[in-house]
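This report concerns only the one structure given below.
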Amino acid sequence: MTQAKTWSQRFEKALHPAIATFNASIGFDIELIEYDLTGSIAHAQMLAKTGIISPEEGEQLVAGLEQIRQEYRDGQFNPGVDAEDIHFAVERRLTEIAGDVGKKLHTGRSRNDQVGTDTRLYLRDQIRQIRAQLLDFQGVLLDIAEGHVETLIPGYTHLQRAQPLSLAHHLLAYVEMANRDWERLGEIYKRVDISPLGCGALAGTTFPIDRHYSAELLGFGQVYANSLDGVSDRDWAIEFLGAASIILVHLSRLSEEIILWASQEFGFVTLTDSCSTGSSIMPQKKNPDVPELVRGKTGRVFGHLQGMLVLMKGLPLAYNKDLQEDKEALFDAVKTVKGCLEAMTILLAEGMEFRAPRLAEAVAEDFSNATDVADYLATKGVPFREAYNLVGKVVRTCLESGKLLKDLTLEEWQSLHPQFEADIYEAIAPHRVVAARNSYGGTGFERVKAALKMACDRLNSARSES
Ligand code: ARG
């Protein structure tokens, strides 16, 4: 079977069917159809406004394009490989519907500026949705944090017990990350929000088009100042994939923690039935599939970022067919980020519960209050480094005798250093250890309450802004 010719009379022979399939993007760029129609409607309106076509012709084109939208929504528009891509598919159908006037739609533009317009319209929409998801994700973290200001959890460095924390403080760290992600996407949005429509194939057009008008109809904040740049710039896609990768860095870190916390070794959370799965052979198991999948899916988004960078490297101006390869990466990254954010938000909201008794036990059974002993002496005038060395010795003695710091008698403390008094016990109690870290950004309960309030206010204003 050979393909009907889509292009000009320059071609005598039809495309080889395998090449037609290889060349076609309709299999994936159908995802852009609504944006392609919207972009074409704006282009048609601009052609009519500038008198390049008549007002009646403009109306016929718009009506035909809207009809295609309806057909698509009704499942009646399913172009095959012979259409090559979404742009040809729409133009062909438009000409079937509207007759010869349909052939006027492509006046003063090219598929090169068209596809750039479509992908930007698509990504603008997706960025808005992802930003909304980032706010929901923050909202759930804040809800949990509110109930756990005074719940303690071991804090780690090098995955070794370091100093105990307010659980809310730990969760608020992820709120900060998600807030940066939200801000970052807001910044990137500005660079997605630039219209290439009317840049033509590469050099602009001989028609008296009004690029600012079509950009305005499409709600673009700016228009590309250089036609070559307009049709071949994909910085915005790279930036988006960078931001998507960072979102997944954050989600994968949280995922890893949840996976550890759910293990029997940690036992800090229990997974509820709605978000975990069983094993087909080991009846006792409950697996943290959601965070594991998020951790796993992170890799493919990093891959898309790398792929897009390599796609662009050394690409001469202006449009090259290589650029057709931007779309699947973008679509898959968008789908993956949205899926991961949704799943993690649900997991946090209803898929896991913190085991407060186990957490309390965990913070009481270690030496994560050792810094506080050194701080105690330093407050009494002992130089910190000297105090630090002394406490190191105390910990070693305790380890040898199987004791914790709280098990030492006052005599033992005083034999170690005369400055120890009875209030040492209070100074090393986990709750007090956490409460005392009230420096700005620290885990002290008063600080955490203030940080919670700040994050809630920020979330509310972000919500009202978007
Ligand atoms: N399907 C093409 C793409 O995705 C549309 C632009 C085609 N332009 C061209 N000069 N062949 O990039």
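Counting starts at 1 for both ligands and their atoms, in listed order.
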So that I can tick it off, tell me whether [Y] and [X] are bridged by a salt bridge, with the cut-off set at under 4.0 angstrom between side-chain N and carboxylate O.
X      : Y      : answer
Glu34  : Arg73  : yes
Asp125 : Arg128 : yes
Lys321 : Glu84  : yes

Result block: side-chain N/O donor-acceptor pairs under 3.5 angstrom for residues 212-223, not counting sequence neighbours:
from   : atom 1 : to     : atom 2 : distance (Å)
Ser214 : OG     : Arg211 : O      : 3.2

field: Sequence-distant partners of His148, ring-ring contact (aromatic ring centres under 6.0 Å, His included), two or more places apart
entry: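 His148: ring-ring contact (aromatic ring centres under 6.0 Å, His included) contacts with Phe354.
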Could you tell me, for ligand 1, which of its N or O atoms are under 3.5 Å from any protein N or O, listing the pairs and their distances rounded to 0.1 Å?
from     : atom 1 : to     : atom 2 : distance (Å)
ligand 1 : 1 (N)  : Ser25  : OG     : 3.1
ligand 1 : 1 (N)  : Asp85  : OD2    : 3.0
ligand 1 : 1 (N)  : Gln324 : OE1    : 2.8
ligand 1 : 4 (O)  : Lys327 : NZ     : 2.7
ligand 1 : 8 (N)  : Asn112 : OD1    : 2.8
ligand 1 : 10 (N) : Asn112 : OD1    : 3.0
ligand 1 : 11 (N) : Arg111 : NH2    : 3.2
ligand 1 : 12 (O) : Tyr319 : OH     : 2.5

task: Hey, could you give me each pair passing ring-ring contact (aromatic ring centres under 6.0 Å, His included) that has a residue in residues 290-332? Not counting sequence neighbours.
output: Tyr122-Phe331
